[in-house]
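The basis for the numbers below is simple: all heavy atoms, side chains too, and nothing from hydrogens, waters or symmetry mates. Sequence lines set the chain letters: A, B, ... in the order given, protein chains first and strands last, and positions in each chain run from 1.
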Amino acid sequence: MHQFVLALACCITAAAQAAPYIPTNGQQVVETVPRRGDPVQQELRRLRSELHASPNDITLATTIARRYIALARSETDPRYLGYAQAALAPWWSQTAPPPAVRLLRATLLQSTHQFTPALADLKAVLEAEPRNVQAWLTQATVQTVQGDYTGATASCARVSSLSIELVAITCIANIGTVTGKAERSEQLLDLTTERSPNAPVELQVWATTLLAEMAQRRGDSATAETRYRRALSLHPRDSYLQGAYADFLLEQGRAAEVLTLLRDQSRIDALLLRRALALQQAGQSSALQADIKELAARFDAAAQRGDTVHQREQARFELLLRHDANAALALARKNWAVQKEPADIRIYLEAAAQARDTAAAKPVLDWVNQHHTEDAMAARLIRQLKVGTS
Amino acid sequence: MKRLLLLLLLCCVMLPAQAHKPSDSYLSLDVQGERITGQWDIALRDLDYAIGLDQDDDGQLTWREIQARRAAIAAYALEHLQIAADAGPCRIIPGQQLIDDHTDGAYSVLRFQAVCPAPLTTLDIRYHLFADLDPQHKGLLRMTHDGLTSTAIFEPAHAQQRLRLAAPDQLQQFSAYVKDGVWHIWIGYDHILFLLSLLLPAVMLAAPADNLRGAFIDVLKVVTAFTLAHSLTLTLASLSLISLPSRLVESAIAASVILAAVNNLYPLFRGRRPWAAFGFGLIHGFGFASVLIDLGLPKGALLASLFGFNLGVEIGQLCIVAAFLPLAFWLRHTWFYRRLMTAGSTLIALVAVVWFVERAFDVQAQWIGL
C-alpha cells in the first residue's frame, strides 16, 4: 500500500510539473538570464564573433574555452562548459588535437567524470609537453580522485619542479592524507600555507579547505572550525567550500548555521542537498518535504539525460532523506567504481551499515586497510559494520 | 605573469560538478496514423543565448518579451528538427506557445502538429538544436504510439535516429518477460522445493488411484491450485492494488516450504494438498510480483508484460512437473523413493528452516535497528 501511495505521489508531482501554462500578465517575469550588457558577457560575445569569422584560430578558440570554463566555475553553471566545448569544435573529434586543445578537452571530460578519455588526453599532452604544469596538476587530481595514488604521487613530483611550493605541497598532501600519512601531510601543508601568505587567494582557499577537512577527519573539530572560517573569509561563495563546511556543521548537529550559510544557494544541487539535511535535523518538515521533492525532480532530470555525475549526492539523498538504504548502497557502489575520495568512502560505508550488508562494504573495507585511510567517521562506521555481523 | 598562470592553473584543476544539469530540451511526440501531435520544451535561457529574447537587456524575461519573439522561437526551433516517414518528410505546423517550469528554470513550450505523407511505421528524426552553440545540449525524446512509450536521447554524436513504431518491439518485450518468468522459477529454489514437496506423495496414492492416471490427476489439481493462487496475487501486487512487506512474504514462503516438507513426514494436509497449494500459492504470488516490480513494468504495456511473466512462470513450472511426474512414477516403489519421501523431505524442511531464520532474523534485526 505504501508503495502504491508513493507511486501515486510521484505521478501527481510529475503531473504538476508537466502542466504548461500561459502567464496571466505580460509584465510577469518568467525567467532571469545573463545580461548582454554585462562586461564579461560582452567581451565573450565579441570574442565569439571574432571566432565566427575565423573558426580555426586556435589561440582565440582556446582563450574563449578557458574563459567559459572559468565562468562555469565561478557561476557553478555547467552550460558554460558546453559553450567552451563549442569553441573547440573544429578539433573536438580529432584523435590527436594540438596539445592546447587537448588539455582543455581533458578538463571538460573530467568535469563529467569521463576520467579514462581525460587521462588519455593528458598523457598525450604530457608526451608532447613534459613541462606543462597545468597538465601534470590536472592529471594528479584525476588520479587522486580515482585512487591511483602511485600515479598521482609521480604527477605531483613533476609539479613540484615546475611550480611554486604551495601548489606542489597541496598536490602531495592531498594524497598523503588518504594513504596513511595524514598527520605529516597536514603538518606540512599547514606550515607551507603559513609560509605562503602571498600565494593567490584561490590557492589559499584550496589549501585551507583541505586543511579543514584533514582536521575534521581526525576528529579535531575546533581546528577544523577555525580553518573553515578562515577559508570562508577568503572566498565566502566557493561552492565546494560551502558544501564541505555544511557537512562539518551537520556532523556537529548545527543545523541552524547550515541554513544561514546556504541561504540563497538552492540553485546548486549539492548545496540544496545540505540544506534539506539541515531542515531534517532542525525538524522543519514542510520546508523539508519541498526540498526533497525538488531534489528528486533534479536527480530525475539528470537521470533522463543519462548523467551519472551526481551519484555521490544521490546516494546521500536516498540514504538520509528517503531512508532507502538499498537504493543508496546501489548508488554508492556505482559511484565507487568511478571515484574514491574520503566522501565516497563515507557514503558507501554509511549505506552498507544502514542496509546491514557488511559483505557489500568489502571493497571499501579492503581499500581502507590497504591504503591506511584515516578518518574518524569512517572508522566509526567500520566498527558499526563489524558489530553488526558479530 | 606567474600569478596569471597560477590563476589559470587553479581554475582548471577541479570543476565543482555540483551545479544544475547542463542544457536539455524535452520533445514529446504522440503518433497517430500519419499525424503527430508534438510538444517541445526548450529552456528560455538557451533560446536567449541563441537568438536573444531579452529586448530591454535587464536580465529579466517578461511574458511580453517572450511572446514578441514567438515566431522567431518557433522558426529557429523547427529549423533544427526534421521528422520524416519512409515515404518522405513530414510537414510541421507550429501551434500554441506556453511556459513550463522545469528543474533548471522556465521553458518555452512549443506545441505543433506534423503531417506525414503516409501512416507511420518508422520515424526518422534529425535533431540538431544548439549543436553549434552548446555541444553538451541533449534532446530528450518521449514518443507515444498505441499506448506504448519509447524514449531516445539526441546529442551531436547521435543527431539522427531511426525509431521503429511497428509491433516487433512489443513482441520482443513480451517474450523477454516470458523468459524472465521461466528463469525466475528455475532459479527460485524455494518455489521449486515447495512444489516438489507437495508433489512427492502424488505417486503414492491409495488403492483406486494407485496408477499413472491417478497420479496425473492429483498433480494436476495441486499445480492448478498453486497456479490460480499465485497468478491472482501476482496480478494484484504487480498492479500495486495490494502489497505486503517483502520480509514477511519471503519468510512466509520459507515457512510454506517447511510445512509442505513436514507434511510428507507427518501428514498435516491429508487429502487437502490442493487447498494447501492454493493457500500458500497466494504468498508465492507476492514473491513473484516483487521480482516483476524490480524488473520494472512498462506503463504502456502493463498487462501484456504481466501476462508474459506469468506465462513464463507457468511454462517453467510445467517443465519441472513434466520431468518430475514420469520419473517419480517410475521410481515410486523403490527404496530410493521412500528415502526421498522421508530423508529428502527432512532435508528440504531443514534447508527451509535456515531460510526462514535468515529471512525472519533480518526482520528482527531491522526492528532493533530502528
Under 4.5 Å from any heavy atom of chain B - which part of Arg48(A): side chain
Carboxylate-amine/guanidinium proximity below 4.0 Å for Glu65(B) and Arg69(B): no
Between Arg79(A) and Tyr68(A), a side-chain donor and acceptor under 3.5 Å: no
Tyr83(A) and Tyr80(A) aromatic ring geometry - parallel, tilted or perpendicular at 30°/60° bounds: perpendicular
Phe130(B) and His137(B) aromatic ring geometry - parallel, tilted or perpendicular at 30°/60° bounds: perpendicular
Proximity breakdown for Glu155(B) and chain A, heavy-atom pairs closer than 4.5 Å: neither
Residue among Val30(A), Leu273(A), Ile22(A), Asp300(A) with most heavy-atom pairs under 4.5 Å to chain B: Val30(A)
Winner by heavy-atom pair count (cut-off under 4.5 Å) against chain A, out of Tyr107(B), Tyr49(B), Tyr26(B): Tyr49(B)
Residue pair Gln60(B) / Thr32(A), side-chain donor-acceptor N/O under 3.5 Å: no
Interface residue of largest heavy-atom contact number with chain A, from Asp54(B), Leu44(B), Thr62(B), Asp132(B), under 4.5 Å: Thr62(B)
Choice from Gln139(A), Gln41(A), Gln28(A), Arg36(A) maximising heavy atom contacts with chain B below 4.5 Å: Arg36(A)
Options Arg111(B), Arg64(B), Arg45(B), ranked by heavy-atom pairs under 4.5 Å with chain A, top entry: Arg45(B)
Partner chain B: residue of Asp38(A), Asp307(A), Val29(A) with the largest heavy-atom pair count (under 4.5 Å): Val29(A)
Top contributor to chain A contacts, counting heavy-atom pairs under 4.5 Å, from Thr151(B), Asp41(B), Ile153(B): Ile153(B)
Modelled atom types, side-chain donor and acceptor of Trp206(A) and Thr170(A), under 3.5 Å: no
Arg73(A) side, atom CZ; Asp238(A) side, atom CG - distance, nearest 0.5 Å: 6.0 Å
Contacting region of Leu140(B) [heavy-atom separation from chain A under 4.5 Å]: side chain
Per-residue contact mode, Asn25(A) against chain B (heavy atom under 4.5 angstrom): backbone
Contact winner vs chain A - Leu53(B), Asp134(B), Asp58(B), Val109(B), heavy-atom pairs under 4.5 Å: Asp134(B)
Ionic contact status for Glu341(A) with Arg312(A), cut-off 4.0 Å: yes
